[in-house]
Amino acid sequence: MKVTLFDNNPGPGLMNRFLKLAWLVGCWFQKIIGAVDDYHAIDSWTEAKEWLNSKGPISQIQYWGHGSSGTVWLAEEVVPMKEWLSLKPCLAPDALIWFRTCSTFKGWYGQYFSKTLADGLNCTIGGHTRVIGIWQGGLYTRKPNSFASWSMNEGGEPSKLREDFKFWNRNTIFCMRTSIPKDW
């Protein structure tokens, strides 16, 4: 089963309301074309875990929300590493967890996060080193017991934010793409 979760409470402000709507429309689109079997807007980790456990063996989880270096956010709070690791019993062999969040794989913390999850869950982890939007740059995957294929400097400096949104940047996909290219 392939599923997508998205943060139902990404924070205050017009931009976050727009993001929530964009995530809902994106999930609806993925379900319509058969890229995912189900999706769910979540307000808490407890809700997310209960929903995921009810789905049986999961071959792919996409999480759409906010992120920062080595961190995934839900309802304006950090989801601790141990919570992600607790998903192991509900994952199918050769599962993929794809964090469609900004900068989660960026820097040393991003590399540590990806290694800990890939090794601990014994599955492939996907994530971005850059700020993402319509163009989602810096997409990489990490398999268990492997080295990061990206530099700790990948993702640029905050002063070069406009670089994150160029479609020709390394490992960049369009937001409506429903899968990670096989060679990434």
Side-chain angles (χ1 to χ4, degrees), residues 1-10 19-67 71-75 79-105 110 113-130 132-146 149 171-184:
M1 170 162 277
K2 295 180 179 181
V3 299
T4 298
L5 299 171
F6 70 92
D7 188 347
N8 197 40
N9 187 17
L19 276 173
K20 183 177 162 181
L21 178 61
W23 294 334
L24 176 62
V25 170
C27 286
W28 175 79
F29 170 75
Q30 285 196 343
K31 175 114 168 118
I32 292 292
I33 66 167
V36 297
D37 300 305
D38 208 353
Y39 63 88
H40 190 63
I42 53 173
D43 292 300
S44 70
W45 183 256
T46 302
E47 178 185 357
K49 193 167 176 183
E50 286 174 7
W51 187 78
L52 289 168
N53 284 326
S54 74
K55 295 296 167 185
I58 299 172
S59 61
Q60 177 181 292
I61 299 171
Q62 287 188 44
Y63 177 75
W64 299 0
H66 289 302
T71 307
V72 177
W73 298 84
L74 171 59
V79 179
M81 180 82 69
K82 68 179 181 179
E83 297 298 346
W84 291 107
L85 291 170
S86 73
L87 295 178
K88 189 169 185 172
C90 69
L91 296 177
D94 299 324
L96 165 68
I97 299 178
W98 181 5
F99 296 100
R100 293 186 90 161
T101 57
C102 292
S103 306
T104 298
F105 277 19
F113 177 84
S114 66
K115 176 172 181 41
T116 302
L117 284 185
D119 293 350
L121 295 172
N122 197 36
C123 72
T124 301
I125 306 297
H128 299 267
T129 60
R130 298 183 171 276
I132 62 175
I134 291 175
W135 295 107
Q136 300 181 347
L139 173 58
Y140 294 91
T141 59
R142 189 156 191 178
K143 295 187 180 305
N145 304 310
S146 69
S149 62
N171 289 37
T172 299
I173 62 168
F174 184 60
C175 66
M176 298 302 277
R177 185 170 181 127
T178 60
S179 63
I180 297 174
K182 295 212 183 295
D183 58 342
W184 291 4

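Being a predicted model, the structure only gives us computed values, none of them experimental.
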Undergrad: Using the benzene-type ring in the case of Trp, are the ring centres of Y63 and W84 under 6.0 Å apart?
TA: yes

Undergrad: Is it true that Q62 and W64 share a donor-acceptor pair across their side chains at a distance under 3.5 Å?
TA: yes

Undergrad: Would you indicate whether the side-chain heavy atoms of I180 and L139 approach each other to under 4.5 Å?
TA: yes

Undergrad: Using a 4.5 Å cut-off on heavy atoms from C-beta on, say whether the side chain of W98 contacts that of T124.
TA: no

Undergrad: Could you check if a side-chain atom of I97 sits within less than 4.5 angstrom of a side-chain atom of L121, using non-hydrogen atoms only?
TA: yes

Undergrad: Among side-chain atoms of N8 and D43, is any donor-acceptor pair under 3.5 angstrom?
TA: yes

Undergrad: Main chain of E47, side chain of S44: is a donor-acceptor contact present, judged purely on distance under 3.5 Å?
TA: yes

Undergrad: Could you check whether any side-chain heavy atom of Y39 comes within less than 4.5 Å of a side-chain heavy atom of V3, counting everything from C-beta outward?
TA: no

Undergrad: Check whether the ring centres of F99 and F105 lie less than 6.0 Å apart, and answer yes or no.
TA: no

Undergrad: Verify, without hydrogens or angle tests, whether K143 (side chain) and A118 (backbone) share a donor-acceptor contact under 3.5 angstrom.
TA: no

Undergrad: Looking at every heavy atom in both W45 and S86, which two are closest together, and how far apart are they?
TA: NE1-OG, 4.3 Å

Undergrad: Heavy atoms, side chains only, cut-off 4.5 Å: are L24 and W28 in contact?
TA: no

Undergrad: Given side chains that start at C-beta, do those of W135 and I173 come closer than 4.5 Å, heavy atoms only?
TA: no

Undergrad: Measure the shortest side-chain to side-chain distance between T104 and H128 over non-hydrogen atoms and say whether it is less than 4.5 angstrom.
TA: no

Undergrad: Going by heavy atoms in the side chains, are L19 and F6 under 4.5 Å from each other?
TA: no

Undergrad: Show the nearest heavy-atom pair for residues G126 and L96, with the distance to one decimal.
TA: N-CD1, 4.0 Å

Undergrad: Examine distances only and state if a side-chain atom of N171 and a backbone atom of Y140 form a donor-acceptor pair shorter than 3.5 Å.
TA: no

Undergrad: Using a strict cut-off of less than 4.0 Å between a Lys/Arg side-chain nitrogen and an Asp/Glu carboxylate oxygen, indicate whether K20 and D7 qualify as a salt bridge.
TA: no

